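Here's the structure we're looking at; comments come further down.
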Amino acid sequence: MVLDVNWAVKWLTLCAQAMAEHRVELIELDRAIGDSDHGENMDRGFQAVLDKLAEAPPATPGAALKLAAMTLMSKVGGAAGPLYGTAFLRAAGTMGDAAEIDPAGWAAAVSAARDGIVARGKAEPGDKTMVDAWAPAADAAKAAADTGGPEVLSVLVAAAEAAEAGAVATDPLVARKGRASYLGERSAGHRDPGAASSALILRAAVGAAA
Amino acid sequence: MVLDVNWAVKWLTLCAQAMAEHRVELIELDRAIGDSDHGENMDRGFQAVLDKLAEAPPATPGAALKLAAMTLMSKVGGAAGPLYGTAFLRAAGTMGDAAEIDPAGWAAAVSAARDGIVARGKAEPGDKTMVDAWAPAADAAKAAADTGGPEVLSVLVAAAEAAEAGAVATDPLVARKGRASYLGERSAGHRDPGAASSALILRAAVGAAA
Amino acid sequence: MKKLINDPKSVVDESVQGFGLAHADLVTVSTDPTFIRRLDAPVSGKVALVSGGGSGHEPLHAGFVGKGMLDAAVPGAVFTSPTPDQILPATLAVDSGAGVVHIVKNYTGDVLNFETAAELAEAEGISIRTVLVNDDVAVEDSLYTAGRRGVGGTVLVEKIAGAAAERGDDLDTVASTASRVNANVRSMGVALSACTVPHAGTPSFDLAEDEVEIGIGIHGEPGRHRIPLESADAITDRLLEPVLSDLGISRGDRVLLFVNGMGGTPLSELYIVYRRAAQVLADRGAVVERSLVGNYITALEMQGCSISVLRLDDELTELWDAPVHTAALRWGA
Amino acid sequence: MKKLINDPKSVVDESVQGFGLAHADLVTVSTDPTFIRRLDAPVSGKVALVSGGGSGHEPLHAGFVGKGMLDAAVPGAVFTSPTPDQILPATLAVDSGAGVVHIVKNYTGDVLNFETAAELAEAEGISIRTVLVNDDVAVEDSLYTAGRRGVGGTVLVEKIAGAAAERGDDLDTVASTASRVNANVRSMGVALSACTVPHAGTPSFDLAEDEVEIGIGIHGEPGRHRIPLESADAITDRLLEPVLSDLGISRGDRVLLFVNGMGGTPLSELYIVYRRAAQVLADRGAVVERSLVGNYITALEMQGCSISVLRLDDELTELWDAPVHTAALRWGA
Ligand SMILES: Nc1ncnc2c1ncn2[C@@H]1O[C@H](COP(=O)(O)OP(=O)(O)O)[C@@H](O)[C@H]1O
Ligand SMILES: Nc1ncnc2c1ncn2[C@@H]1O[C@H](COP(=O)(O)OP(=O)(O)O)[C@@H](O)[C@H]1O
Ligand SMILES: [Mg+2]
Ligand SMILES: [Mg+2]
Ligand SMILES: [Mg+2]
Ligand SMILES: [Mg+2]
């Protein structure tokens, strides 16, 4: 398995599928501590990404991610739109014109995505945001790439699992950024919707390579 | 038993009691085919009558009814206010300055009340309005006064029973006057609130004499 | 029942007091009996306009007191017409000697109470003209019924007659202009939910989650029939069709299109209804020359709307455009 | 879910289209991307004001486009901030060369999307000033949080900054006037019921029949805490107290009192709240010089209200009184 443009397109396609499938669930999560739109926004955004992919098929993984970034930025809105837009743009930046991404490349992409989100949103780990999915994912991907062999799947899996664990770990947290922060202590006991959608995205990256 | 000013004051007092007791029931009847205010309006109106009676105790039955008429007119509002106002005013008119009302006098008062309501509201029997209580009451009172002896209670009872039967008989009717008429056929199957309150008023007249 | 109130019995008084405090530059509030009058009434030489009715339809009528519209508004209890002992002093307070037009929505209670007040006012030497508003096509108009109700058209009658009075038209002219507006306006409404009268405490009717009530009035009374919930466009068509056919709207007619909220419907939904209604009118070749969209004659927190169409001519348009300065309708001033 | 809509996905587009049809004398509606602009924008030599945010708060912001207020409004999906590819063309469309002020309610999404649009606009040579509105005292203001939300104060910022721009103030002056309004206004809200986002289909939170939510925002997000339903006066006191103490209102202060409906509350109830708030302010020796009561910044059909108090000075009062001609706020024109 290599992470080429076909993988990238499949990844984005699986992201769109995941958002459609989990639309209601993400709306429910956002209903509890936000404004009930996260699932709708992500679904709308990734459907638009599919349309764009069909219109102008990209030549490289980096081009695919850049296309996703621009589309999410212009179609998602809310907090998630600019944050995911920046994440995908920074990740695309690490890929340049490369035809294939290796384990270290994936780790670099996830790190860049995390850095982009932090740069835009100024959230720290523990603030109960999507950073709580991307930060452990970036760390796990790097650790897997550093220690593992040339097998890229294990790096994808490491990132996805860490993101999933990170999302679950937001449950008890009190939000300090984003709309959930208005709830103060009442935000505890609910999963952060952005962390949940982030885990879906990183899990889709695994699925695309399977 | 004579129908003197004490009876008249007691009658109005029992009316106020009846409206307070049946306030919710009259609201419910009006909710079904009107605008949910009849019980509230009648309660407010007769409470005001009590206040006025305390302020300026009347000297004759006619004066008591005139006081009630003016107060209902100025405190009830809606359709019922002017209709009951007119009814009591016309009834008072038949009594003049008399200290006591005899059976024929009561029959005349009820007839005048009915005529007043018809003159103001232009409803005919069968239109599903308070006329459907007052018209049979007037007829029954007259019949009882014509045929009966000097016992006034039986005339009061005849009017009350006829009004009660008349109110019940509005159940299947389709309203042609008042707010219930907007419902057309859907007004059938519900008792007219004004006929119901009319029956309470005429029943109170019996209670005051008991 | 969940309301921002202190006591069901004090709703009208406290609300009117708040209104008076918020709009002290426009109106004076009288208590005992309760009515709201234009600050500078009686306006010398001007025909005065008095309207009123049950409360719960806010901003109607108090919100329309001011320059170019009403001289006084007389609020009754919630959904209960006011009494003559309120209407008479309001009438006396605003008459400048030029006479007073009573604008009365056609409900038995309103008609009877205004009738009595008019008689009493005439007895005091004031000339009264009564104009009944009965624009609701949901109700069958027949000699044997209470007749059509006054609904959305009331706002348009008050605005246009108010402008006529403001420019100095005499009593009969103002009254006949008001009647002309009434003759040229038709309305019909829909409810998605009932409303709760404060003293009643329970919703005015029960409606299933997938039902709407077509042909409702403004008192939480049930409508003519109940249908399953439909799209906004389909409901708009249902309301508009009887309005247009009763008015006999044809190609080239100039109209004012008024989409009114019943109190609990977001403005965004009213604009969705407006969009469809405007399209239908355009398809029929009618020209929508003026429009009004918002909550102007309501039924407490009822969800729903009504559509009114007024056939315009040059004079009605000019009077509609004339300056108005009230709490709820204001332009050119 | 019961709404007067055709399809949850088309709510914003169709509503904006209806708005454009109803107010063709005031605005032009652009579709793809969607924004609403003043008919005569760009106004030569005038600083332009652009605002926007999620839909569902109508009449905010489209209802405030026109002379003396906004030059463009950019609506996002319901409760979702608009995207830079809407904000940028709106900004370009209304800039006359004098620069553009972005009025942004302080929500992460709005801030980030307007930030990006501002960068892109600056790259095209347009001078941008961004003014954040954050008047909601229900939210703790701390460096470690997203900060206070922008709520009712937004309407006042837009009106007053709009008047400053209309009279010819330059970019920095308009921006600093807007900031000054923001610095002098505080708000707090209550919900009696939740609202239902069309695409979600279920109420945004669950509230028992005898509970109210204190400190709600305008997005159907739950508030700070829940209490048993109280009288309107008690609730008013709860909302007003933190507003006044945070503002430091003291004897002799001149204020504008704004009671805003969340969309599903009858106007009569807003006036009951206004009455109490005015009494409390009078008791404290503050002078209520101006007032605003109505549904101006809403959360769909939510029942509830917010109270905003703005400390006035001569200049702010003059700018408040200056003519404004928009769909939702109009005077002197
Ligand atoms: N400052 C921030 N930094 C990182 N992530 C954030 C920040 N603010 C919000 N988020 C993320 O955005 C998610 C909400 O997205 P969404 O519901 O689409 O936007 P909105 O809050 O504008 O409605 C949150 O669950 C959180 O993960
Ligand atoms: N034209 C009429 N003639 C006689 N009675 C009428 C007429 N119209 C209405 N009513 C009576 O008035 C009652 C309603 O009174 P109420 O609810 O107080 O007034 P409203 O209909 O104005 O709310 C009806 O039940 C009916 O009995
Ligand atoms: Mg959200
Ligand atoms: Mg009634
Ligand atoms: Mg009534
Ligand atoms: Mg949102």
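Lettering follows sequence order; numbering is per chain, from 1. Bear in mind that the values here come from a model prediction, so they are computed numbers and not experimental data.
How far OG of D:Ser204 is from CG of A:Asp37: 11.5 Å, rounded to the nearest 0.5 Å. Rounding to the nearest 0.5 Å places NZ of D:Lys9 at 8.0 Å from CZ of A:Arg44. We find the OG-NE2 distance between A:Ser36 and D:His199 to be 6.5 Å, quoted to the nearest 0.5 Å.
In terms of heavy-atom pairs under 4.5 Å with chain D, the best-connected choice from A:Gly78, A:Gly34, A:Ala79 is A:Gly78. Most heavy-atom pairs under 4.5 Å with chain D, from the set A:Arg31, A:Met70, A:Glu28, A:Arg179: that is A:Arg31. For chain D, the option among A:His38, A:Lys122, A:Arg23 with the highest count of heavy-atom pairs below 4.5 Å is A:Arg23.
Residue A:Ile27 touches chain D through its side chain alone, counting heavy-atom pairs closer than 4.5 Å. If you measure heavy-atom distances from A:Ala123 to chain D, you find no contacts under 4.5 Å at all.
When the ring pair (Phe, Tyr, Trp, His ring centres under 6.0 Å) test is applied to D:Phe19, the partners found at least two apart in sequence or on another chain are C:Tyr271, D:His23. Partners of A:Val5 by side chain to side chain contact (heavy atoms under 4.5 Å, CB included), not counting sequence neighbours, listed by chain and number: A:Val9, A:Pro58, A:Pro61.
Residues D:Pro84 and A:Met73 share a closest heavy-atom pair of CD-O, 3.5 Å.
Cation-pi geometry between D:Arg149 and A:Tyr182 is met: under 6.0 angstrom from the ring centre, within 45 degrees of the axis.
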